[in-house]
Structures are given as C-alpha cells and as structure tokens.
Amino acid sequence: MNTSIYDTPEHELLRDQVARFLAREVEPHAAAWEEQGFVPREMLRRMGAAGLLGLMFEPEYGGGGADALMNLVFAEALSQSTFGGFIITVLVHTDMAGPHLHHAGSAAQKDRYLRQVTAGEKICAVAITEPGAGSDVAGIRTNAKRHGDHWVLNGTKMFITNGVHADLYFVAAKTGPGKREVSMFIVEKGTPGFSVGRALKKTGWLSSDTAELVFDNVRIPAGHLLGEEGKGFYSVMKNFQTERIALAAMAVGHCQQALKLTLDYVRQRQAFGGPLWDQQAIRQRLSMLDAKTRAARTFMYHCAWRVTQGHDIVQDVSMLKALTGELVNEVLQSCQQFHGGMGYIRETAVERLWRDARVLAIGGGATEVMLEEVAKRY
C-alpha cells in the first residue's frame, strides 16, 4: 500500500485490522455468499462487534467519532476484498444509509436505532431510486401524506441495495407540490403495506441483495419523519458526497487488487518461450494503469481531506466519481485480457472483479450525470 501525506499511525492500525478481518472472516467464505445471494447478517454483527460499522457515528451511540479521512481509510481497506457484493453491502450500511440517521436523526430516533445500527443488529438500506428517477432526486414519485399523527406512504423504489434483508429503511418521498419538496422517513421491516416487490438478479455484486420495494398505504408514526419536512432533498444531496467517496474507494480498491493479481499472473504465465511479463506491451500497459490508479487514489484522499476542512467539494467529488468509475473498468478490462481464458472463468478473482467493476460507472451517479455536475459549476 502506498502511503500518503494524509496518513497517520491510526490509519495504518485500521488498515491492518480490516485486512486481518477480511483474511479470516470474508475471503474464505464469500464464494458461498455469492451462491446464496446475500451476506449473512451474523457476519455484519461480527463487524459491528469489532467496531467497524460506525466509525463516523457519535461515541455515545457506539461509534468511533472518526473524520472523513479515517472513514475513507476504512472504505479503501474494506475494498481490498475481491468480493464486491460484500463490500457494497457494508458500505451501503455505513456510508450511504446509516449517515442519514447520523446527520438528521433526532435524539429520540438515534437513541432508539443508532446503537443497533452500529452493532450490526439492524442493517440499513436507503430507498431513493425509482423506476423513473435515480440521480434526479427531484423526479421521484413516491409520496407521503400527513394524516393526523401518521404519515401514509405510497410508491415504488427500485435497485435498492440491502433491500431484501435490511431491517431499517430510510425512504425518500414527495411531501409537497414543489419539485424539491422531498422528505426522508424511517420505515421498519414488517410495517403493514411495505413489502419487497421482487429480488433483482444482477450481473455482478452477487452477494449483495438488491430489491424492488413497494409502499402501499404504509402508515408510519409522525415521529418517523427523519429531519425536517420538505428538506430531504438537501439531505440526500449532502450525503451523496460521502457515498461517492466510498464508491471511489471501492473502485480504487478493485484497481489495486486487479493489478496485483495480474502482475503475479503475468510473471509466472509462460507463453512464446518466456513469462508474459517479458512482453513490452504488457509491461507498459500495466505500468500506465498503475500510474492512473495512484493518481486517482491521491485525488481521492485530497477530496476526503477537504471534507475535514469543511470545503464545498461537490465538483471535486463529482470528478472523482466519474474518474474512478471509468478507470476501474479500464483497469479490469486490461487485467482480465492479460489473464487470457482464465480471466473468463467464473470463480476466478479477476473475473469476479471484472463483472463487479461495471456498475461503478453507473451506481451512485452515472458518469454522464457526474460530468454534468462538474460542468455546471465552472
């Protein structure tokens, strides 16, 4: 691992802890999770017991009180796993769903839920995307109407990670006629009228459960409004920055692992009278991909550092998401190619990384959407 000017001894300790956890608890078992289509919840409870599921949350709720740099170190270390479905299951819980409760939850809501979230006793999902709206949050159609001391939710959500097996869902719904009058709500599994429409089969992230969710006159207490009424759009926009840095870390981690696997492979694979490493085209291609990966990683750490300084980083993070989403696909395409036929065999690490990488240019903000976010801020 290349060190950076942002690293501290505490960062290295966290990297070592996560590496040991992956080697012991994840890599030997995760192939079975791909077959069953989800990560066992007992595994997430073990992560919670190890203090790995709430680094950014308040210590009084079992969290680590960490800053954005420490959280990035965790996401990058976790992304050294070769199983993208496992990685995204955790990162949705820690970086994409849980922060909504951390940032916007009332004291009563945090007291009721956040310790269980940090411990891995309640697994989270965030339900924003719909069949007709994704990054365009203002375009969602799921609605919530106030009826006395309850809200009633109606609508459908799509492509929701952890959607099948989560316990706690943070749901975006329109609560007024304005384009951005969106509010966030806490919905518990088992609430009458709330159901999983269907589990979705994907090309990659096979150990990540992904679902369509249906809200049919779902009555929830008024106290389950998360944050201020009508301000959910801005909460979602704010959390997108944390989410996109986490996805960048996942992309960089995939690049690092793919390059390592491929360097090892081409040094021992014999062809045309010698190892593939003797072929100049292969050496130079891998060297350039490594250079791009190191540059992207440095930019990623700079973005996280800017978060700690309180800067507006929407443009930077949009660049980072677009850059790393495209780069990981470029890296994996080449690394799979250099593995030859073995790179196309199911259950090999490089094949798994290749199919898991594809969605990183789509999920959490497609490349084209990210570049528009960049362009309109010049």
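- Around atom CE of M237, more than 12 heavy atoms belonging to other residues, nucleotides or ligands sit under 6.0 Å away.
- Residue-environment remark: NZ (K231) stays at or below the threshold of 12 foreign heavy atoms within 6.0 Å.
- For residues 259-270, the pairs satisfying side chain to side chain donor-acceptor pair (under 3.5 Å) are Y265-R269, with sequence neighbours left out.
- For the side-chain contact (heavy atoms from CB on, under 4.5 Å) test with T89, the passing option among T94, I123, L44 is L44; the others fail.
- The ring of H165 has its center closer than 6.0 angstrom to the ring center of F38.
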Checking F83 against W33 for the ring-ring contact (aromatic ring centres under 6.0 Å, His included) test, could you report, in this order, the C-alpha distance in whole Å, the side-chain angles of both residues, the deciding distance, and whether it holds? CA-CA 10 Å; F83 290 90; W33 307 342; 7.6 Å; no
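- Counted within 6.0 Å of CD on Q17, heavy atoms from surrounding residues, nucleotides or ligands total more than 12; the atom is thus considered enclosed.
- Around the CD atom of E372, the shell of radius 6.0 Å holds no more than 12 heavy atoms that belong to other residues, nucleotides or ligands.
- Using a cutoff of 4.0 Å between basic side-chain nitrogens and carboxylate oxygens, R146 and E229 are not scored as salt-bridged.
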Test ring-ring contact (aromatic ring centres under 6.0 Å, His included) on F185 and H224 and set out the steps. CA-CA 6 Å; F185 296 90; H224 282 213; 9.4 Å; no
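- Crowding of E347 atom CD: a count of heavy atoms from other residues, nucleotides or ligands under 6.0 Å not exceeding 12.
- Aromatic pair F194/Y169: centroids less than 6.0 angstrom apart.
- Residues L353 and L78 fall within the same hydrophobic cluster, defined by Ile, Leu, Val, Met, Phe, Trp and Tyr side chains chained together at heavy-atom separations under 4.5 Å.
- Expressed to the nearest 0.5 Å, how far CG of L91 lies from CG of L247 amounts to 7.5 Å.
- Salt-bridge formation is not detected for the pair K174/E181: no Lys NZ or Arg NE/NH1/NH2 atom is positioned less than 4.0 Å from an Asp or Glu carboxylate oxygen.
- Atom CD1 of residue I186 and atom CG of residue L101 lie 5.5 Å apart, to the nearest 0.5 angstrom.
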Checking side-chain contact (heavy atoms from CB on, under 4.5 Å) for the pair Y378/Q315: CA distance, chi angles, key distance, verdict? CA-CA 9 Å; Y378 284 123; Q315 187 182 58; 3.6 Å; yes
As a quick check of understanding, evaluate side-chain contact (heavy atoms from CB on, under 4.5 Å) for Q256 and R297, giving each step before the final call. CA-CA 10 Å; Q256 292 167 331; R297 182 175 186 263; 3.5 Å; yes
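- Distance check, rounded to the nearest 0.5 Å: OG1 of T118 to NE2 of H102 gives 10.0 Å.
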